[in-house]
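Heavy-atom basis, side chains included; hydrogens, waters and symmetry copies ignored. For this chain, numbers begin at 1 and follow the sequence in order. Computed from a predicted model, the values in this text were never measured in an experiment.
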Amino acid sequence: MNPERDATPFAVQVVYDQDEVLGARWWQEDVAAITLGASGASELSNVDQSRRTALKLLVVLGGGAVLLGGAFSQCSSSSSKTTRASSLEWQRKFGLAYGATGVAFDWPDAIATDVANGRIDAAKLDKLAEELSPRDRASVPAYVPTLLQACAAAGTSELTRDLKCIRSPAMLTAFARGEAMRELFAAEPEAHKVALIVDLPGPESVAFAAAVQPKATAVFTFDNWPHPHGVVPAHLTLGALLYHRPQFRAERESKVRPPQFVLDRNRLLPYRNEPDRFDNRYIARLPDAAFLKRQGIERVLYVAPEGAPEVEPDDCNETFVAYRQAALDVRLMGLGDFQLATASLAPGSKPTTEPRPRYYWGGSPLYHGWFWMQHGLLSSGRGLGATAPTQRMFGADYRPSPRDLSRSDLARVGIGEFRSGGASSSGSRGRSRFFGGFGG
């Protein structure tokens with residue numbers, strides 16, 4: 001794929017990853033008061049910022065406009081002026097499909113109508129961010145409406161003119177597993193003290209969250225805009241939101257529900273400066289422990305995709321460690337442990353007669369109620385007469401612990417960053433007409 005040939009030229013120049021350039025590490029502790037800038041998100045004074053690296057905050061947090069000049073540009077051996085900014089800010093200024101005007105988005109698994117058989121009304125898309133804000137007002141400060149705001153912004157016609165609902169097989173499976181999770185929430189008297197962090201590929205996270213409702217309030221944290229050549233296929237997450245939109249809008253219960261923070265696992269997909277890709281990646285934004293405790297939360301369940309390693313991603317590590325230090329019990333839950341019911345997995349269990357596939361934790365109703373026993377709530381497992389699974393379940397031994405992130409992608413310059421102009425550090429290389437950034 002090649003972006004439009006008459007686009008303003010821009011190119012990768014130099015990648016810096018030394019302490020002398022990035023700044024003193026002690027500066028991390030002084031950035032908690034950073035203003036979120038132009039993202040349009042709700043004020044998040046309680047978002048966990050204290051343990052982020054200074055560079056990660058400045059370049060990515062909130063997708064705001066952070067123009068990095070000064071020491072960075074001065075270190076280049078070239079005298080040509082370059083511009084560095086967050087990719088989102090560049091899109092806000094010059095159009096969502098900057099450099100790829102007229103290029104169509106790809107819509108696999110598109111469907112003509114949403115879950116309630118309604119069609120997309122383009123005239124109402126400007127209200128999408130408001131419609132899908134959390135119903136529980138206490139959760140609103142943690143809401144990140146960036147992706148949903150793309151439908152109302154100027155210069156986004158490439159997206160809105162062909163916007164589609166999507167419903168993929170993976171979404172259907174995630175929804176069925178979410179229904180099993182909803183049943184577990186309904187059966188546990190102490191479930192209101194549990195917050196979910198749903199970190200699946202965007203469309204699957206949306207489907208899972210839709211199924212868990214109304215037992216937990218969806219709080220979306222999608223902090224980028226789509227791009228026709230984007231590293232993160234954010235338009236598919238948007239299509240999934242439009243498909244499940246009626247279910248999220250229907251959540252009108254006045255009773256306070258625990259939050260489920262909905263993330264896109266694709267937010268940090270690998271990117272190594274491929275010239276035909278646009279770096280719309282970003283760092284997860286999650287509330288701090290104090291925010292959760294004000295809502296009565298005592299336990300956090302992190303939902304990982306099937307086949308994922310039994311560890312949280314790098315951008316969640318410091319937050320989860322801080323949760324544990326604040327006496328919040330953080331547990332790891334594998335979506336793959338919700339399996340289709342089979343009599344063979346549980347001696348003595350009966351085959352199901354459900355009209356459609358039914359998922360249970362451990363693959364059987366006999367094990368299903370043991371879920372909360374594994375994850376620290378001791379009431380429902382015994383009350384339902386549940387049996388401990390014979391196989392080891394995902395995350396059984398997990399506890400968050402600090403790890404060295406100095407060599408991870410988070411320590412590199414440029415997640416979600418755009419740079420244009422200038423010449424290479426070696427001197428006179430011509431400007432490229434392709435995308436570029438500092439992907440590591």
With sequence neighbours excluded, tell me which residues meet side-chain hydrogen bond (donor to acceptor under 3.5 Å, both in side chains) with [X].
{"X": "His244", "answer": "Gln247"}
{"X": "Arg137", "answer": "none"}
{"X": "Arg245", "answer": "Glu131"}

[X]: partners by side-chain contact (heavy atoms from CB on, under 4.5 Å), with sequence neighbours left out:
{"X": "Thr221", "value": "Val144, Leu263"}
{"X": "Glu130", "value": "Lys127"}
{"X": "Arg403", "value": "Val311, Glu312, Asp314, Asn317, Leu405"}
{"X": "Arg161", "value": "Glu158"}

Assess whether side-chain hydrogen bond (donor to acceptor under 3.5 Å, both in side chains) is satisfied between Asn280 and Ser87, documenting all intermediate values.
CA-CA 6 Å; Asn280 61 339; Ser87 296; over 6 Å; no
Asp397 with Arg392: basic N within carboxylate O range, under 4.0 Å:
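Yes, charged N to carboxylate O under 4.0 Å.
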Taking the side chain as every heavy atom from C-beta outward, state whether Leu332 and Phe394 have any atom pair closer than 4.5 Å.
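They are in side-chain contact.
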Determine whether Asp136 and Pro259 make a side-chain contact, defined as any pair of heavy atoms from C-beta on separated by less than 4.5 Å.
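Asp136 vs Pro259: side chains apart.
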Side-chain polar contacts of residues 107-114 - donor-acceptor pairs under 3.5 angstrom, sequence neighbours left out - could you list them?
{"from": "Trp107", "atom 1": "NE1", "to": "Asp162", "atom 2": "O", "distance (Å)": "3.4"}
{"from": "Asp114", "atom 1": "OD1", "to": "Ala116", "atom 2": "N", "distance (Å)": "2.8"}
{"from": "Asp114", "atom 1": "OD1", "to": "Asn117", "atom 2": "N", "distance (Å)": "3.1"}
{"from": "Asp114", "atom 1": "OD1", "to": "Gly118", "atom 2": "N", "distance (Å)": "2.8"}

Show me, pair by pair, the donor-acceptor contacts under 3.5 angstrom made by side chains of residues 297-308, not counting sequence neighbours?
{"from": "Arg299", "atom 1": "NE", "to": "Asp329", "atom 2": "OD2", "distance (Å)": "3.2"}
{"from": "Arg299", "atom 1": "NE", "to": "His375", "atom 2": "O", "distance (Å)": "3.0"}
{"from": "Arg299", "atom 1": "NH2", "to": "Asp329", "atom 2": "OD2", "distance (Å)": "3.3"}
{"from": "Arg299", "atom 1": "NH2", "to": "Gly376", "atom 2": "O", "distance (Å)": "3.4"}
{"from": "Tyr302", "atom 1": "OH", "to": "Asp199", "atom 2": "OD2", "distance (Å)": "2.5"}
{"from": "Tyr302", "atom 1": "OH", "to": "Arg265", "atom 2": "NH1", "distance (Å)": "2.7"}
{"from": "Glu306", "atom 1": "OE1", "to": "Arg177", "atom 2": "NH1", "distance (Å)": "3.3"}
{"from": "Glu306", "atom 1": "OE1", "to": "Arg177", "atom 2": "NH2", "distance (Å)": "3.3"}

Describe, in one word, how the ring planes of Phe278 and His227 are oriented to each other, choosing from parallel (under 30°), tilted (30 to 60°) and perpendicular (over 60°).
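Plane angle under 30°, so parallel.
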Any salt bridge (Lys or Arg N to Asp or Glu O under 4.0 Å) involving residues 138-155? Give me the pairs, sequence neighbours left out, ordered by first then second residue.
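Qualifying pairs: none.
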Can you check whether [Y]'s main-chain N or O pairs, donor with acceptor, with [X]'s side chain at less than 3.5 Å?
{"X": "Thr146", "Y": "Asn224", "value": "no"}
{"X": "Thr156", "Y": "Leu159", "value": "no"}
{"X": "Tyr243", "Y": "Pro203", "value": "no"}
{"X": "Gln260", "Y": "Ala209", "value": "yes"}
{"X": "Asp315", "Y": "Ala284", "value": "yes"}
{"X": "Trp361", "Y": "Asp337", "value": "no"}

Scan for ring-ring contact (aromatic ring centres under 6.0 Å, His included) pairs involving residues 111-138, sequence neighbours excluded, and state none if there are none.
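Applying ring-ring contact (aromatic ring centres under 6.0 Å, His included) to every pair that reaches into residues 111-138, excluding sequence neighbours, yields nothing.
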Which residues pass the salt bridge (charged side-chain N to carboxylate O under 4.0 Å, His left out) test with Asp404, not counting sequence neighbours?
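Scan of Asp404 (salt bridge (charged side-chain N to carboxylate O under 4.0 Å, His left out), adjacent residues dropped) gives none.
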